[in-house]
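Whatever order the structure lists them in is the order used to number ligands and atoms, beginning at 1.
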Amino acid sequence: MKLVEFKENSDERGSLVSLEGNNNIPFEIKRVYYIYGVNEKSPRGFHAHKELKQVIIALSGSVTLTIDDGQKKESVVLDSPNKGILIDTICWREMHDFTQDCVLLVLASGIYDRDDYINDYVEFKNIVKI
Ligand code: TYD
C-alpha cells in the first residue's frame, strides 16, 4: 500500500482537492463508488483483486485500513480528505473501526467484475506465493 497526499487548494472559503486519472491517481479511473452510513461494528472488505487497482479516500470521518500484500501486513488510519491509500493488485484489504460519519470514496481502475475478486484468504496466500 502507498499513501498518496493530494494538493489542497485552500483559501478562506475552504478547501478543494482535484483527482485526475493518470496524474495524481496512477491509473485511468473507470469506476467511482462510495461507502457511507456504516455500522461502526461491521468491518468490510476481506478480499483481494486479481487486476483491479484502487485509491481509497476518507472524505469524512475515519477508518482503519489493513492491507496485506502477502509479505507484510500494514494498518493505517485514514482520516483526512487530502490523503488516499493506493491498493495495488493482489492485496488483501480489510476496513475496520469506521466512525459513524465516515464517507469513503473509492476510485477504481476497472468496472465491477465479480470474477476479479479473491474472497478466500487461503486462496489469496496461495496466489501470492506463485
Ligand atoms: P462488497 O464487495 O461486499 O463491499 P466491500 O468491499 O465494502 O466489502 O459490496 C457490497 C455490495 O455492493 C455487493 O452486493 C456488491 C455490490 N457492488 C456493486 O454492485 N458494484 C460495485 O462497484 C461494488 C464495489 C459493489
Residue, atom and distance of the protein heavy atom nearest atom 15 (C) of ligand 1 read Tyr112 OH, 3.2 Å
With heavy atoms and a 4.0 Å threshold, my read on which part of Phe46 contacts ligand 1 is neither
Determine if the distance from atom 11 (C) of ligand 1 to the closest protein heavy atom is below 4.0 Å.
-> no
Ranked by distance from atom 2 (O) of ligand 1, the top protein heavy atom is Tyr117 OH, 3.7 Å
In ligand 1, the atoms that come under 4.0 Å of a heavy atom of Ile35 are 7 (O)
Ile57 and Gly84 have their tightest heavy-atom pair at CG1-CA, 4.0 Å
Interatomic distance, CG@Asp79 vs OG@Ser60, rounded to 0.5 Å, equals 11.0 Å
Check whether any side-chain heavy atom of Pro26 lies under 4.5 Å from a side-chain heavy atom of Leu86, and answer yes or no. yes
Closest non-hydrogen atoms of Glu20 and Ile29, given as atom of the first, atom of the second and distance, are C-CD1, 4.3 Å
> Are Ile90 and Ile85 joined in one hydrophobic group, where the rule is that I, L, V, M, F, W and Y side chains link up if heavy atoms are under 4.5 Å apart?
Replying inline: no
Heavy-atom proximity to atom 3 (O) of ligand 1, picking from His47, Arg44, Gln54, points to Arg44
(message) Closer than 4.0 Å and a protein heavy atom, does any atom meet both conditions relative to atom 22 (O) of ligand 1?
(response) yes
>> Is there a polar contact between ligand 1 and Gly45, counting only N or O atoms under 3.5 Å apart?
In response: yes
Any N or O of Arg114 closer than 3.5 Å to N or O of ligand 1
no
Value for SG (Cys91) from CG (Asp69), rounded to nearest 0.5 Å, stands at 5.5 Å
message = Side chains of Glu94 and Tyr121: any donor to acceptor distance under 3.5 Å?
response = no
